[in-house]
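Data block below; observations after.
Whatever order the structure lists ligands and atoms in, that order sets their numbers, starting from 1.
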Amino acid sequence: MTEKFDAVVVGAGPAGVTAAYVMASNKMNVAIIERGEYPGSKNVIGGVLYTKTLNDMIPGFWEEAPLERRIVQHSYCLMGRQEHTLLTHKVTGQSDSPNGFTILRSKFDKWYARKAQDLGAILIAKTNVTELLRQDGKIAGVRTDRGDLLANVVIVAEGANTMLCEKAGLNEKHPPDEMAIAVKEVVSLPSERIQERFGLGEDEGAAIEYLGEPFRGLVGFGFVYTNKESISVGFGALVSTMTREKIKPYDLMERFKAEPSVERLLRDGQVKEYQAHMIPEAGYAGMPKLFTDGALVTGDSAMLANPLTGEGADLAILSGRLAGQVATHAHAATDYSSTTLSEYQRLLVNSFALKDMKKQTGLLHYIEENLEIMTAYPDAFNAALEEWFKVDGSTRSEKIKRISHFVTSKRKVTRILRDGFTFGRRLI
Ligand SMILES: Cc1cc2nc3c(=O)[nH]c(=O)nc-3n(C[C@H](O)[C@H](O)[C@H](O)COP(=O)(O)OP(=O)(O)OC[C@H]3O[C@@H](n4cnc5c(N)ncnc54)[C@H](O)[C@@H]3O)c2cc1C
């Protein structure tokens with residue numbers, strides 16, 4: 001038997017569940033199809049969930065959601081061969097609007113999907129969508145390994161692996177310089193040990209992003225995030241650079257974890273989980289068409305990830321919300337044509353997230369073409385500070401000359417100026 005819904009959502013990640021939540025709250029008859037055993041069973045995040053986009057929809061969601069720790073401490077660690085510099089920002093007072101929380105997807109996604117189900121959305125798990133169905137040239141539903149489901153509108157939220165979009169001609173397979181491989185381990189440790197090692201209070205959390213030595217030759221970075229009773233540790237790196245350097249994800253993970261500044265945080269911990277996943281890095285220029293007659297594309301499937309800030313889940317929520325709103329308007333007007341659905345692309349492009357991504361266009365390629373940047377600046381920073389702090393009988397003016405000499409030996413002045421101009425133009 002073929003059932004018909006107002007809307008079918010493919011994928012119960014943050015993008016899909018958000019779209020379902022919005023449509024169900026507007027009394028639409030919605031089905032969410034998820035191939036995993038339950039929402040979150042197949043999902044990976046580092047992960048910090050930045051609160052802004054979910055809080056706009058469910059104010060104060062942190063009072064009820066299963067979260068790990070509130071991020072009060074955010075650091076960049078610039079790694080050299082035998083030294084590192086840690087730049088830390090710490091919030092010491094209480095805040096009514098926390099900026100981010102660490103989450104574990106297996107708990108968070110289940111809770112979030114339950115919120116949509118409570119509004120009437122039907123979750124169909126353990127079901128794989130194999131293709132988008134077309135009738136008279138329009139998307140009219142989905143084919144699954146358990147039968148067909150028809151819908152007036154289909155929200156595609158299949159994540160970074162865009163098999164359905166590619167099959168339906170909405171997206172093309174992205175080349176290796178537009179995709180990053182991300183690997184993550186969850187290492188269990190008693191909460192008191194985590195608090196002691198990171199200098200945190202009971203519910204407080206830390207996020208550290210690592211740049212430099214372990215990622216020499218790669219466009220990549222590492223991360224360490226604190227959960228209640230575990231630490232998430234991992235990295236993301238452009239597939240093209242991993243291939244060029246002939247380095248395997250497992251080996252890079254071991255190299256990163258062996259760094260003394262990382263090892264001391266993980267010492268005596270037990271690895272509970274190992275996960276690998278893709279992150280879309282195509283940016284604004286590589287975004288697919290986000291709408292067609294009868295369908296909208298959201299979240300990672302729409303390449304909505306910001307490599308510079310590590311944001312992805314909150315952008316997925318933003319796109320899911322806008323897709324849900326536009327689908328609701330289309331439902332009210334009983335018009336699911338691309339003319340009506342194109343409003344989604346317009347809203348998204350005018351959002352803060354897309355404005356940023358648009359501005360950053362080309363930045364990743366610039367870094368890939370100037371790979372030296374990834375280690376030259378951390379090296380220069382480390383050497384400069386070492387020189388500055390060392391008391392060796394030299395005058396400060398001699399030290400400044402030595403620092404300038406070292407910095408320019410790492411990267412020529414003309415290139416430093418070009419880097420500054422390129423980054424400045426794409427960020428400000
Ligand atoms: C290691 C790592 C660290 C990250 N860290 C962060 C971070 O710290 N902060 C942050 O904001 N973002 C982070 N991200 C990015 C973030 O996880 C993603 O941007 C976000 O999950 C995208 O949400 P989504 O709903 O679009 O896709 P997903 O969360 O991938 O959900 C897609 C869902 O669709 C289902 N699905 C796929 N195909 C089918 C099909 N054919 N039929 C049925 N179901 C299907 C999948 O099982 C999955 O549940 C990280 C990602 C990785 C890999």
Fill in: Side chain, backbone, both or neither: the part of Glu158 lying under 4.0 Å from ligand 1 by heavy atom
both
Worksheet item: Is Val129 in polar range of ligand 1, meaning some N or O pair under 3.5 Å apart?
Response: yes
Worksheet item: Going by distance only, is there an N or O of His277 that falls short of 3.5 Å from an N or O of ligand 1?
Response: no
Item to complete: Could you tell me whether Ser301 and ligand 1 have an N or O pair separated by under 3.5 Å?
Response: no
Discussion item. Taking 4.0 angstrom as the limit and counting only heavy atoms of Ala157, give me the atoms of ligand 1 inside it, by number and element.
Written reply: 32 (C), 33 (C), 34 (O)
Worksheet item: For ligand 1, which atoms have a heavy atom of Arg105 less than 4.0 angstrom away?
Response: 17 (O), 21 (O), 29 (O)
Discussion item. Salt bridge (Lys or Arg N to Asp or Glu O under 4.0 Å), that's the test. Do Arg216 and Asp379 meet it? Break it down for me.
Written reply: CA-CA 11 Å; Arg216 191 171 285 277; Asp379 282 350; 3.3 Å; yes
Discussion item. Can you tell me which portion of Asp109 lies within the under-4.0 Å heavy-atom range of ligand 1? Options are side chain, backbone, both, or neither.
Written reply: neither
Discussion item. Does Asp145 have more than 12 heavy atoms from other residues, nucleotides or ligands lying within 6.0 Å of its CG?
Written reply: yes
Worksheet entry | ligand 1-proximal atoms of Ile279, by part, heavy-atom distance under 4.0 Å | side chain
Worksheet entry | Heteroatom distance test (Leu49, ligand 1): nitrogen or oxygen, under 3.5 angstrom | no
Practice prompt. Tell me, please, which residues at least two apart from Phe221 pass ring-ring contact (aromatic ring centres under 6.0 Å, His included).
Written response: none
Worksheet, complete the sentence: In ligand 1, the atoms that come under 4.0 Å of a heavy atom of Gly13 are 25 (O), 29 (O), 31 (O), 33 (C)
Worksheet entry | For Ile33, atoms of ligand 1 separated by under 4.0 Å from a heavy atom | 43 (C), 44 (N)
Worksheet item: If you draw the axis of the six-membered ring of Phe291, does the NZ or CZ of Lys289 fall within 45° of it and under 6.0 Å from the ring centre?
Response: yes
Worksheet item: What's the spacing between Cys165 SG and Lys173 NZ if we round to 0.5 Å?
Response: 12.0 Å
Worksheet item: Going by atom types only, do Asp419 and Tyr366 share a side-chain donor-acceptor pair under 3.5 Å?
Response: yes
Item to complete: Any atoms of ligand 1 less than 4.0 Å from a non-hydrogen atom of Asn128? List them with their elements.
Response: 40 (C), 41 (N), 42 (N)
Response to the item:
One finds that the ligand 1 atoms under 4.0 Å from a non-hydrogen atom of Gly299 are 26 (O)
Discussion item. Strictly distance-based, threshold 3.5 Å: is any side-chain N or O of Asp300 a donor or acceptor partner for the main-chain N or O of Ala305?
Written reply: no
Worksheet item: Is there a nitrogen or oxygen of Met278 sitting under 3.5 Å from a nitrogen or oxygen of ligand 1?
Response: no
Item to complete: Assess Ala305 for proximity to ligand 1: is some non-hydrogen atom of it under 4.0 Å away?
Response: no
Practice prompt. For ligand 1, note which part of Gln275 has a heavy atom under 4.0 Å away: side chain, backbone, both or neither.
Written response: neither
Item to complete: Measure Pro14 to ligand 1 on non-hydrogen atoms and call it side chain, backbone, both or neither using the 4.0 Å cut-off.
Response: both
Practice prompt. Classify the side-chain pair Asn152/Lys4 by whether it contains a donor and acceptor separated by less than 3.5 Å.
Written response: yes
Worksheet item: Any chance the side chains of Ser75 and Thr88 put a donor and an acceptor closer than 3.5 Å?
Response: yes
Discussion item. Applying side chain to side chain contact (heavy atoms under 4.5 Å, CB included), can you list everything that pairs with Pro66, at least two apart in sequence or on another chain?
Written reply: Lys107, Trp111
Worksheet item: Applying a strict 4.0 Å limit to heavy atoms, is Asn161 in contact with ligand 1?
Response: no
Worksheet item: Between Gly47 and ligand 1, does any nitrogen or oxygen pair lie at a separation below 3.5 Å?
Response: no
Worksheet item: Going by the atom numbers of ligand 1, which of them fall below 4.0 Å from some non-hydrogen atom of Gly310?
Response: 6 (C), 7 (C), 9 (N), 10 (C), 11 (O), 12 (N), 13 (C)
Practice prompt. Could you grab the distance from atom CD1 of Ile279 to atom CG of Asn306, nearest 0.5 Å is fine?
Written response: 11.5 Å
Fill in: Distance-only polar pair, side chains of Tyr112 and Thr18, donor-acceptor under 3.5 Å
yes
Discussion item. Looking at Lys90, I'd like to know if its NZ atom is crowded, meaning that more than 12 non-hydrogen atoms belonging to other residues, nucleotides or ligands lie closer than 6.0 Å.
Written reply: yes
Response to the item:
For Glu311, the atoms of ligand 1 under 4.0 Å from one of its heavy atoms are 11 (O)
